[in-house]
J.: 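Provided herewith is a single structure, encoded as structure tokens, for subsequent inquiry.
A quick note: this is a predicted structure, and the numbers were derived from the prediction, not measured.
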Amino acid sequence: MQTVWNGLDHYLTDFTDLLKKVDSAQVQKMVDLITEAYVNDKFVFIIGNGGSGANASHLCEDLGKGTLHNFDKQKRLKVMSLTDNTPYILAWGNDTSYERVFVEQLKNFAQPGALLIAISGSGNSPNVLRAIEYANANGMKTLGVTGYDGGKLQKIAQHNVHVPSYNMGAVESVHMVLFHYLLDTLYEKFKTVA
């Protein structure tokens with residue numbers, strides 16, 4: 001992607017071109033994995049750091065509320081962002097290491113068949129990788145949502161949605177566009193499977 005110094009039109013053209021590079025089959029797999037969790041009453045956990053952590057929180061809110069077409073009667077998706085319990089994260093980070101902040105929460109809540117969505121622009125965040133390793137070893141399904149070259153996350157997650165760019169802002173923005181597509185798709189899909 002070019003820098004914003006080339007003007008908004010160039011930036012938007014580059015952004016649109018980047019969106020077109022995303023593999024639609026990978027995005028469909030993300031839809032299918034969350035639908036499967038919904039149908040089978042399995043939890044969906046979401047993790048990430050920095051902007052990806054903010055995207056994890058946003059996606060959790062959207063999936064928890066935005067997929068509802070009937071607030072009173074519809075079955076609900078069990079979804080939790082592990083980025084949002086600040087005291088818990090700080091306790092593990094301070095008392096042991098930041099590498100453990102997500103995996104220790106999974107040990108409390110996760111069960112076989114649950115889905116872990118790990119968002120990492122670089123694909124190399126140690127705390128994200130550790131959580132994926134735990135999930136893989138304990139019967140969970142794993143989905144990496146990556147940028148750059150996919151990093152280690154793309155190699156160890158069972159499934160991946162990859163945005164091929166080294167521009168972190170663009171990667172995070174494309175992730176959110178894909179997550180909003182996911183939300184709209186699941187809203188309609190859940191009407192038929194609820």
Side-chain angles (χ1 to χ4, degrees), residues 18-19 21-64 66-67 77-84 101-103 105-107 109-165 168 171-187 189-190 193:
L18 182 57
L19 277 169
K21 292 179 182 178
V22 175
D23 184 339
S24 61
Q26 292 180 346
V27 177
Q28 183 59 48
K29 186 63 180 180
M30 179 170 58
V31 170
D32 294 343
L33 287 167
I34 296 173
T35 301
E36 185 178 327
Y38 178 71
V39 168
N40 294 318
D41 289 318
K42 299 295 183 181
F43 257 96
V44 176
F45 298 99
I46 312 170
I47 60 175
N49 294 290
S52 294
N55 281 353
S57 295
H58 188 155
L59 178 59
C60 180
E61 173 273 323
D62 279 350
L63 290 176
T67 56
L77 177 66
K78 297 175 180 176
V79 60
M80 182 186 302
S81 171
L82 302 184
T83 61
D84 294 330
V101 299
F102 298 133
V103 71
Q105 293 182 76
L106 285 177
K107 289 176 182 179
F109 300 115
Q111 296 180 342
L115 172 63
L116 175 61
I117 299 174
I119 309 168
S120 175
S122 70
N124 291 314
S125 301
N127 57 3
V128 168
L129 297 173
R130 190 156 185 183
I132 287 285
E133 290 167 350
Y134 173 84
N136 285 339
N138 287 277
M140 295 177 65
K141 296 179 181 180
T142 57
L143 171 70
V145 181
T146 60
Y148 290 18
D149 64 358
K152 294 176 186 173
L153 179 57
Q154 187 175 23
K155 294 178 178 115
I156 66 172
Q158 297 161 9
H159 308 280
N160 197 65
V161 174
H162 180 64
V163 178
S165 173
M168 183 62 79
V171 167
E172 291 172 350
S173 295
V174 170
H175 286 169
M176 277 313 305
V177 169
L178 297 176
F179 294 155
H180 283 136
Y181 166 80
L182 173 69
L183 174 66
D184 290 347
T185 302
L186 291 175
Y187 178 83
K189 196 169 189 78
F190 286 5
V193 297

J.: Mark yes or no for whether Q105, through its side chain, and V101, through its backbone, hold a donor-acceptor pair below 3.5 Å.
T.: yes
J.: Considering residues at least two apart in sequence or located in another chain, which fulfil the side-chain hydrogen bond (donor to acceptor under 3.5 Å, both in side chains) criterion with D23?
T.: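 Testing D23 for side-chain hydrogen bond (donor to acceptor under 3.5 Å, both in side chains), a comparison that skips the adjacent residues, returns none.
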J.: Do Y181 and F179 make the cut of ring centroids closer than 6.0 angstrom?
T.: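 Aromatic pair excluded; centres sit 6.0 Å or further apart.
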J.: Heavy-atom distance under 4.5 Å between the side chains of Q111 and F43, does that happen here?
T.: no
J.: With a 4.5 Å cut-off on side-chain heavy atoms, are V27 and L182 touching?
T.: no
J.: First locate atom CG of N160, then atom NZ of K155, and finally report the distance between them rounded to the nearest 0.5 Å.
T.: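 If I round to the nearest 0.5 Å, the distance is 11.0 Å.
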J.: I would like to know whether E172 and N55 meet side-chain hydrogen bond (donor to acceptor under 3.5 Å, both in side chains); could you show each step before the answer?
T.: CA-CA 8 Å; E172 291 172 350; N55 281 353; 5.7 Å; no
J.: Once you round to the nearest 0.5 Å, how far does NZ of K152 lie from CG of N124?
T.: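 Answer for the NZ-CG pair, K152 versus N124, is 6.0 Å.
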J.: Kindly check if the number of other-residue, nucleotide or ligand heavy atoms within 6.0 Å of NZ (K107) is above 12?
T.: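 Atom NZ in K107 is crowded, with more than 12 foreign heavy atoms closer than 6.0 Å.
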J.: With a 3.5 Å distance limit and no angle check, can you tell me whether H175 reaches the backbone of G121 through a side-chain donor-acceptor pair?
T.: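 Absent.
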J.: Between F190 and Y38 (judged by ring centroids, cut-off 6.0 Å), do the two rings come close enough to count as a pair?
T.: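 They qualify: ring centres under 6.0 Å apart.
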J.: Give, for atom CE of M176 and atom OG of S52, the distance between the pair rounded to the nearest 0.5 Å.
T.: 11.0 Å
J.: Does F102 offer a backbone N or O that forms a donor-acceptor pair with the side chain of N127 under 3.5 Å?
T.: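 The answer is no, because no donor-acceptor pair under 3.5 Å joins these two groups.
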J.: Any side-chain heavy atom of F45 within less than 4.5 Å of one from M140?
T.: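 Side chain of F45 against side chain of M140, heavy atoms only: contact under 4.5 Å found.
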J.: Using atom types as modelled and distance alone, determine if a side-chain donor or acceptor of D62 lies under 3.5 Å from a backbone N or O of H180.
T.: no
J.: Which residue in the set L33, L116, V79 passes side-chain contact (heavy atoms from CB on, under 4.5 Å) when paired with V44?
T.: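 Going through the options one by one, the only one that passes is V79.
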J.: Would you say Q26 and H159 make side-chain contact, with heavy atoms under 4.5 Å?
T.: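 No; the side chains remain at least 4.5 Å from each other.
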J.: Indicate the atoms forming the closest heavy-atom contact of A56 with I46, along with that distance.
T.: CB-CG2, 3.5 Å
J.: Nearest heavy-atom pair of H162 and D149: which atoms, and what distance?
T.: CE1-C, 3.6 Å
J.: Can you name the closest pair of heavy atoms from L153 and L129 and give their distance?
T.: N-CD2, 3.5 Å
J.: What heavy-atom pair brings I47 and V128 nearest, and what distance separates the two atoms?
T.: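 Smallest heavy-atom distance, with atoms named: CD1-CA, 4.0 Å.
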J.: Grab the two heavy atoms, one from L183 and one from L63, that are nearest each other, plus how far apart they are.
T.: CD1-N, 4.4 Å
J.: Looking only at heavy atoms, what is the nearest atom pair of T146 and Q154, with distance?
T.: CG2-N, 4.3 Å
J.: Distance check, rounded to the nearest 0.5 Å: L178 atom CG versus M30 atom CE?
T.: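 Separation between the atoms: 5.5 Å.
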J.: Please tell me if the side chains of I156 and E133 come closer than 4.5 Å, counting only heavy atoms from C-beta onward.
T.: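 Yes - at least one pair of side-chain heavy atoms lies under 4.5 Å apart.
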J.: Run the side-chain hydrogen bond (donor to acceptor under 3.5 Å, both in side chains) test on N49 and S120 for me, step by step, so that the C-alpha distance in whole Å, both residues' side-chain angles and the decisive distance to 0.1 Å come before the verdict.
T.: CA-CA 7 Å; N49 294 290; S120 175; over 6 Å; no
J.: Strictly distance-based, threshold 3.5 Å: is any side-chain N or O of S81 a donor or acceptor partner for the main-chain N or O of T83?
T.: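 Yes, because the side chain of S81 sits within donor-acceptor range (under 3.5 Å) of the backbone of T83.
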J.: Might you confirm whether atom CD of E61 has over 12 heavy atoms from other residues, nucleotides or ligands at distances under 6.0 Å?
T.: yes
J.: Hey, could you give me the CZ/OG distance between R130 and S125, rounded to the nearest 0.5 Å?
T.: 14.5 Å
J.: When rounded to the nearest 0.5 angstrom, what distance separates OH in Y134 from CG in L106?
T.: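 Between atom OH of Y134 and atom CG of L106 there are 7.0 Å.
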